[in-house]
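The structure appears right after this line, and notes come after that.
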Amino acid sequence: MKKILLCLLISLNLSGCFSVGTSAPSKFYSLKNANVDDITPVSQKFSKIGVEEIKIPTYLDKPQIVLKAPNSVELSFSEANRWSEPLSSMMQRTLANDISLYMPKALVKPRYLGQEKFDYLVFVEIEKFEGALDSQANLVGWWYIANKNGDVIITKKANISLQTNNNFDDLIQTESTLVNELAKQIATTLSATIK
């Protein structure tokens with residue numbers, strides 16, 4: 001009987017130890033598409049536009065949301081705040097959607113299959129996509145427009161920064177606005193390029 005009581009006490013004690021160390025569940029975030037009511041179209045031209053997979057640095061290719069204060073070299077990865085899917089896929093889809101809002105007569109979509117035919121292709125290489133709470137968020141990268149033959153006809157650099165507030169929801173809203181600003185730059189250039 002003493003052995004049974006001793007085993008029971010030990011198991012209760014161990015379960016108490018494990019429950020004390022549990023952490024709060026993670027929160028998951030997605031980039032937000034722009035609101036159509038907030039968009040002023042830049043073109044009414046028709047064209048088929050494919051957005052290629054977004055290239056992002058390895059340090060961003062993680063579930064954890066990256067934090068980096070301006071003028072700092074230190075990165076931190078939030079274990080409790082994570083992306084709901086791979087950032088490159090989410091950014092590709094969000095960018096295509098936002099470009100389509102600026103170009104409502106065009107057919108704009110992510111290009112998933114190599115045999116899909118488009119009049120223009122959009123390529124994006126992200127160098128930085130990070131921010132800090134109650135500071136600012138930054139998107140820095142190169143973007144390219146290629147014709148239907150795959151020849152790059154336009155190369156531009158994006159460097160966009162916006163102020164953030166002191167919570168993760170606002171940070172992701174702000175980073176979504178960065179993607180929308182990139183979409184506006186690309187749509188404006190495409191509008192001037194389409195014959």
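Throughout, numbering of the chain's residues begins at 1 and tracks the sequence.
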Note to self: To the closest 0.5 Å, what do you measure between NZ (Lys148) and NZ (Lys117)?
What the structure shows: 10.5 Å

Check: Linking I/L/V/M/F/W/Y whenever their side-chain heavy atoms sit closer than 4.5 Å, directly or via other members, would Ile186 and Phe123 fall into one cluster?
Finding: no

Notebook entry, point to check: Side chains of Tyr29 and Ser84: does their closest heavy-atom pair fall under 4.5 Å?
Noted result: no

Check: Does any non-hydrogen side-chain atom of Leu190 lie less than 4.5 Å from one of Ile49?
Finding: yes

Check: Taking side chain as C-beta onward, heavy atoms only, is Arg82 less than 4.5 Å from Lys27?
Finding: no

Next item on the list: Could you check Met91 against Leu31 for side-chain contact (heavy atoms from CB on, under 4.5 Å), going step by step and ending with a plain yes or no?
Entry: CA-CA 7 Å; Met91 192 179 288; Leu31 291 172; 4.2 Å; yes

Next item on the list: Walk me through it: do Ile172 and Ile65 pass the test side-chain contact (heavy atoms from CB on, under 4.5 Å)?
Entry: CA-CA 9 Å; Ile172 304 311; Ile65 292 173; 3.7 Å; yes

Next item on the list: Could you check if a side-chain atom of Asn97 sits within less than 4.5 angstrom of a side-chain atom of Lys109, using non-hydrogen atoms only?
Entry: no

Item checked: Close side-chain approach of Glu116 to Phe118, heavy-atom, < 4.5 Å -> yes

Check: In Å and rounded to the nearest 0.5 Å, what is the OG to CD1 distance from Ser43 to Ile194?
Finding: 5.5 Å

Item checked: More than 12 heavy atoms from other groups under 6.0 Å of CD on Gln44 -> yes

Margin query: Does either side chain, that of Thr164 or that of Asp170, offer a donor lying less than 3.5 Å from an acceptor on the other one?
Written below: no

Notebook entry, point to check: Would one find more than 12 heavy atoms of other residues, nucleotides or ligands at under 6.0 Å from atom NZ of Lys184?
Noted result: no

Notebook entry, point to check: For atom NZ of Lys156, is the number of surrounding heavy atoms from other residues, nucleotides or ligands below 6.0 Å larger than 12?
Noted result: no

Notebook entry, point to check: Measuring from Asp98:CG to Lys32:NZ, what's the distance to the nearest 0.5 Å?
Noted result: 11.0 Å

Next item on the list: Could you tell me whether Glu127 and Lys157 make a salt bridge, using a distance below 4.0 angstrom between a side-chain N and a carboxylate O?
Entry: yes

Item checked: CG-CG distance between Leu182 and Asn159, expressed to the nearest 0.5 angstrom -> 11.5 Å

Next item on the list: Would you name the heavy atoms of Thr94 and Met90 that are closest together and state the gap between them?
Entry: OG1-O, 2.8 Å

Notebook entry, point to check: What do the steps show when you test Ile99 against Tyr102 for side-chain contact (heavy atoms from CB on, under 4.5 Å), and what is the final call?
Noted result: CA-CA 5 Å; Ile99 292 172; Tyr102 286 106; 5.8 Å; no

Item checked: Exercise: identify the closest heavy-atom pair between Ala137 and Thr174 -> CB-CG2, 4.0 Å

Margin query: Quick check for you: to the nearest 0.5 Å, what is the distance between Asp38 atom CG and Asn180 atom CG?
Written below: 8.5 Å

Item checked: Same apolar cluster: Phe77 and Trp83, side chain cutoff 4.5 Å -> yes

Check: Any idea which heavy atoms bring Glu130 and Tyr59 closest together, and the distance?
Finding: OE1-OH, 2.6 Å

Notebook entry, point to check: Do Ile56 and Phe129 come close enough that some side-chain heavy atom pair is under 4.5 Å?
Noted result: no

Checklist line | Contact check, side chains of Val152 and Ile145, non-hydrogen atoms, under 4.5 Å | finding: no

Checklist line | Joint hydrophobic cluster, Ile54 plus Leu121, side-chain heavy atoms closer than 4.5 Å | finding: no

Notebook entry, point to check: Salt bridge check: are Glu52 and Lys55 linked by an N-O gap of less than 4.0 Å?
Noted result: no

Next item on the list: Salt-bridge test for Arg93 and Glu53: reply yes if a basic N is under 4.0 Å from a carboxylate O, no otherwise.
Entry: no

Notebook entry, point to check: Got a second to check how far Asn165's CG is from Gln163's CD, nearest 0.5 Å?
Noted result: 7.5 Å

Notebook entry, point to check: Does the side chain of Asn147 reach to within under 4.5 Å of the side chain of Asp119, using non-hydrogen atoms?
Noted result: no

Margin query: If I compare all heavy atoms of Lys68 with all of Leu75, which pair ends up nearest, and what's the gap?
Written below: CD-CD2, 3.3 Å

Check: Shared ILVMFWY cluster between Ile160 and Leu60, side chains joined below 4.5 angstrom?
Finding: yes

Check: Heavy-atom count around Lys105 NZ within 6.0 Å, excluding the residue itself: above 12?
Finding: no

